[in-house]
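In listed order, ligands and their atoms are each counted from 1.
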Amino acid sequence: MREKLLNLKNEALAQIIQATDPEELERLRAHYLGKSGVLNQISKEFKSLFDEEKTETGRLFNEIKSAISQALQPKLENWKTGKLENLDITLPGIRPPQGHLHPVTSAIEEISSIFEKIGFIRVRYPEVDWDWYAFESLNMPASHPARDDWETFIVDAPEHPKLGKIVLTPHTSNGQVREMERLGHPPIRMVNIAKCYRRQSDVSHTPMFHQFEGLVIDENINITHLKGTIDYFVKQFFGPNRKSRLRPYHFQFTEPSFEVDVTCDICLGKGCKLCKEGWLELGGAGMVHPNVLKAGKIDSEKYTGFAFGWGVERTYMMKSGLKIPDLRLLYSNDIRFLNQF
Ligand code: FA5
């Protein structure tokens with residue numbers, strides 16, 4: 001009996017809350033509280049209860065009857081008088097909680113659109129790829145010491161007779177030869193943005209991060225095109241008062257190779273406590289090595305090209321006003337941190 005009464009109460013209150021017109025409310029009142037309504041029918045079953053149960057069940061019965069009546073009455077009154085229950089239309093609305101894109105996703109969208117404006121095509125290549133594309137075709141034969149820099153995760157799977165082992169791509173440069181194969185011939189202007197993986201974790205390294213890789217191949221491409229493209233990106237992404245510079249460096253797949261720096265957002269190149277003599281390191285770049293063009297079956301006598309590859313997270317951190325003390329925070333899924341962006 002107790003179960004039956006409690007279920008009845010829940011069912012009645014749910015129907016009253018959902019009722020949208022006075023006729024429905026009247027029908028519910030008759031159904032539950034009327035002379036031949038459900039509650040009166042139940043009260044007839046009281047006779048069969050033991051004496052000790054009668055008092056307890058009677059109290060519950062009265063409570064439920066008055067709960068249903070209290071839910072019905074004001075709603076019916078309001079309909080009759082034309083007043084809508086608890087509704088003050090002069091109060092400001094309550095904004096429903098609204099999510100937003102992850103800062104790294106926003107950065108990827110911004111980076112893509114900056115390069116697309118000057119004719120680059122956004123592409124995406126596998127994040128789990130063959131050794132051939134990640135290393136061998138990039139002028140890094142098996143057991144070349146330069147490979148160590150990429151601290152690569154190798155998948156425990158059978159090797160391909162020609163393409164070698166399967167790796168979690170440690171950089172987006174695996175897209176270079178893939179893009180040459182896709183298009184077959186220059187001109188090539190790609191921007192490849194994808195996840196990369198390395199066995200690294202500290203304040204400036206995450207085991208999973210993103211890179212964006214630019215690759216341009218055509219006739220008569222030289223370093224001035226590389227520098228011009230970098231300058232264009234730096235002004236668009238960081239602002240017109242920021243500058244870039246190329247520093248000599250070494251990568252197996254570019255010759256000559258550079259590291260690209262951008263002026264510090266605090267001191268704008270003068271030098272301060274937060275930067276190295278006014279400059280922050282953005283990433284690698286260089287002129288595509290002839291061996292890489294050969295691996296992509298492109299005539300290295302006729303065509304030249306440049307490439308660059310930078311971390312999305314680090315590049316985003318160098319934007320004015322963003323001070324992220326630990327890169328790993330970006331992937332900690334802490335809503336208090338992410339809400340700030
Ligand atoms: C490379 O990965 C080269 N493939 C870049 C390149 C492309 C050079 C084309 C020449 C031509 P490097 O290992 O320096 O280079 O990484 C490039 C950038 O990726 C770094 O500057 C940094 O911004 C980012 N990066 C590298 N490892 C991590 C990591 N564990 N966490 C976050 N960002 C990282």
(request) Kindly determine whether Phe115 and Phe308 satisfy ring pair (Phe, Tyr, Trp, His ring centres under 6.0 Å), including the steps that lead there. (result) CA-CA 13 Å; Phe115 284 110; Phe308 54 85; 5.5 Å; yes

So which bit of [X] gets within less than 4.0 Å of ligand 1, heavy atoms only: side chain, backbone, both or neither?
X	value
Thr254	side chain
Pro170	neither
Trp150	side chain

(request) Verify side chain to side chain contact (heavy atoms under 4.5 Å, CB included) between Arg314 and His205, making sure each step is shown before the conclusion. (result) CA-CA 9 Å; Arg314 294 242 201 116; His205 294 87; 3.2 Å; yes

(message) Between ligand 1 and Phe253, can you find any atom pair, the residue atom being a heavy atom, that is separated by under 4.0 Å?
(response) yes

(message) Quick check on Glu213 - does any of its heavy atoms sit under 4.0 Å from an atom of ligand 1?
(response) yes

Give the atoms of ligand 1, by number and element, whose distance to some non-hydrogen atom of [X] is under 4.0 Å.
X	value
Leu282	21 (O), 23 (O)
Gln200	27 (N), 28 (C), 29 (C), 30 (N)
Leu327	32 (C)
Gly311	18 (C), 19 (O), 23 (O), 24 (C)
Gly283	21 (O)
Ala307	9 (C), 11 (C)

To the nearest 0.1 Å, how far is [atom] from its closest protein heavy atom, and which atom is that?
atom	result
atom 22 (C) of ligand 1	Arg314 NH1, 3.5 Å
atom 33 (N) of ligand 1	Phe209 CD1, 3.5 Å
atom 31 (N) of ligand 1	Thr206 N, 3.1 Å
atom 15 (O) of ligand 1	Phe251 CE2, 3.6 Å
atom 17 (C) of ligand 1	Gln211 NE2, 3.4 Å
atom 7 (C) of ligand 1	Gly309 N, 3.3 Å

(message) Could you check whether Asp231 pairs with Lys227 (Lys NZ or Arg NE/NH1/NH2 to Asp/Glu carboxylate O, under 4.0 Å)?
(response)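 Salt bridge: yes.
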
(message) Taking the basic N atoms (NZ, or NE/NH1/NH2) and the acidic carboxylate oxygens, is any pair closer than 4.0 Å for Arg29 and Glu26?
(response) yes

(message) Within 45 degrees of the ring normal and closer than 6.0 Å to the centroid, is that where the cationic atom of Lys54 sits relative to Phe46?
(response) no

(request) Any chance you could measure Ile324, atom CD1, to Tyr316, atom OH, to the nearest 0.5 Å? (result) 6.5 Å

(message) If I take atom CG from residue Leu33 and atom OG from residue Ser66, how far apart are they, to the nearest 0.5 angstrom?
(response) 10.0 Å

(request) Measure the shortest side-chain to side-chain distance between Thr315 and Phe212 over non-hydrogen atoms and say whether it is less than 4.5 angstrom. (result)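 Yes, side chains in contact.
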
(request) Report the residue from Trp132, Trp130, Tyr133 that forms a ring-ring contact (aromatic ring centres under 6.0 Å, His included) with His160. (result) Trp130

(request) Return the option from Gln176, Arg198, His171 holding the heavy atom at the smallest distance from atom 13 (O) of ligand 1. (result)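 Residue with the shortest heavy-atom distance to the ligand atom: Arg198.
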
(request) Group every Ile, Leu, Val, Met, Phe, Trp and Tyr by side-chain heavy-atom contacts under 4.5 Å, then state whether Val260 and Leu268 land in the same group. (result)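 Shared cluster, no.
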
